[in-house]
Amino acid sequence: MGAGKMGSFFIDLLSFEHEVAVYDRDPKRMRFTYNCQRFTEMEEIRSFQPQLVINAVTLKYTIPVFNQLLPYLPAECIISDIASVKTGLKEYYEQCGHPFVSTHPMFGPTFANLNQLSEENAIIISEGDYMGRIFFKDLYQRLGLNIYEYTFDEHDRTVAYSLSIPFVSTFVFAAVMKHQDAPGTTFKRHMRIAKGVLNEDDYLLQEILFNPYTHDQVSQIRTELKELLEIIDTRDADGMKGYLKKIRDNVRRDIEIKS
């Protein structure tokens, strides 16, 4: 469901080993899909009788599209989402009457090299259907992704940390930046990140920041900025040296954990 960037990625990925069909309400978005059936009416899904549905539409429409789709699916069909925010999905799946699996590829076409994903991660929600989880685990392993299994709640806590902090930091940079005729390398890199983040769907950005676990993460940024401002205002050289050591140690620990 959905022939956007991630939808097309999954079509390409699956179409050589599986019988794949795609539905998008805008037929023009399916122009560059290949090796798959293209549906322009939901009624066509009924005769296709899918065993698995991957809902890859914009986050705002994930549940509404499921509601439109369910009448056309076999009872045993596994429904799935790849949403980066799982708010409301657990409750929806519990009452939908279908087996389900929920995953989150922690990468996107904006920054990731889709041909080299060995440094990227994917989350599989542990509360889903066993066969559905096995399917996605095998798929993600073949891509070389690092796979983690979390509950819905654990996923949302992880997203609040891994997405809200860099997103908010990017927002602050974009809010205070001014045009530079001769920008330095660091500035240009930050600008490239800002353009990528701000190219994301507004609803996605909103839902990530409205995650109930985001507030505490963003509050930490405010605390650190206050400490840093005090060091700058007092021109505290020893304090700056200590602060730089603290953050370098923090980054070093993260690198050691990953290695």
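Bear in mind the structure is a predicted one, so any value in this text is a computation, not a measurement. Residue numbers run from 1 in the order of the sequence given.
- Of the N and O atoms on the side chains of Asp236 and Tyr243, not one donor lies less than 3.5 Å from an acceptor on the other residue.
- Under the 4.5 Å side-chain criterion, counting only non-hydrogen atoms from C-beta, Met177 is not in contact with His190.
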- Begin from the C-alpha positions of Glu127 and Lys86 and carry the test salt bridge (charged side-chain N to carboxylate O under 4.0 Å, His left out) through to its verdict. CA-CA 12 Å; Glu127 295 155 278; Lys86 305 297 184 184; over 6 Å; no

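- Lys60 NZ: 12 or fewer foreign heavy atoms inside a 6.0 Å radius.
- Note: Phe48 and Phe39 have perpendicular aromatic rings, judged against thresholds of 30 and 60 degrees for the angle between ring planes.
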- Message: Run the salt bridge (charged side-chain N to carboxylate O under 4.0 Å, His left out) test on Glu154 and Arg157 for me, step by step, so that the C-alpha distance in whole Å, both residues' side-chain angles and the decisive distance to 0.1 Å come before the verdict.
- Response: CA-CA 5 Å; Glu154 289 169 338; Arg157 289 179 184 272; over 6 Å; no

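- Of all the heavy atoms in Val20 and Ser15, the pair that sits closest is CG2-CA, 3.7 Å.
- Tyr34 is listed as a side-chain neighbour of Asp12, based on a closest heavy-atom distance under 4.5 Å.
- Side-chain contact annotation: Thr62 with Tyr92, donor-acceptor N/O pair under 3.5 Å absent.
- Residue Arg25 places its CZ atom among 12 or fewer non-hydrogen atoms of other residues, nucleotides or ligands, all under 6.0 Å distant.
- Taking 4.5 Å as the limit, some side-chain heavy atom of Met6 sits within range of a side-chain heavy atom of Pro105.
- Looking only at side-chain heavy atoms (C-beta outward), His104 and Val85 stay at 4.5 Å or farther from each other.
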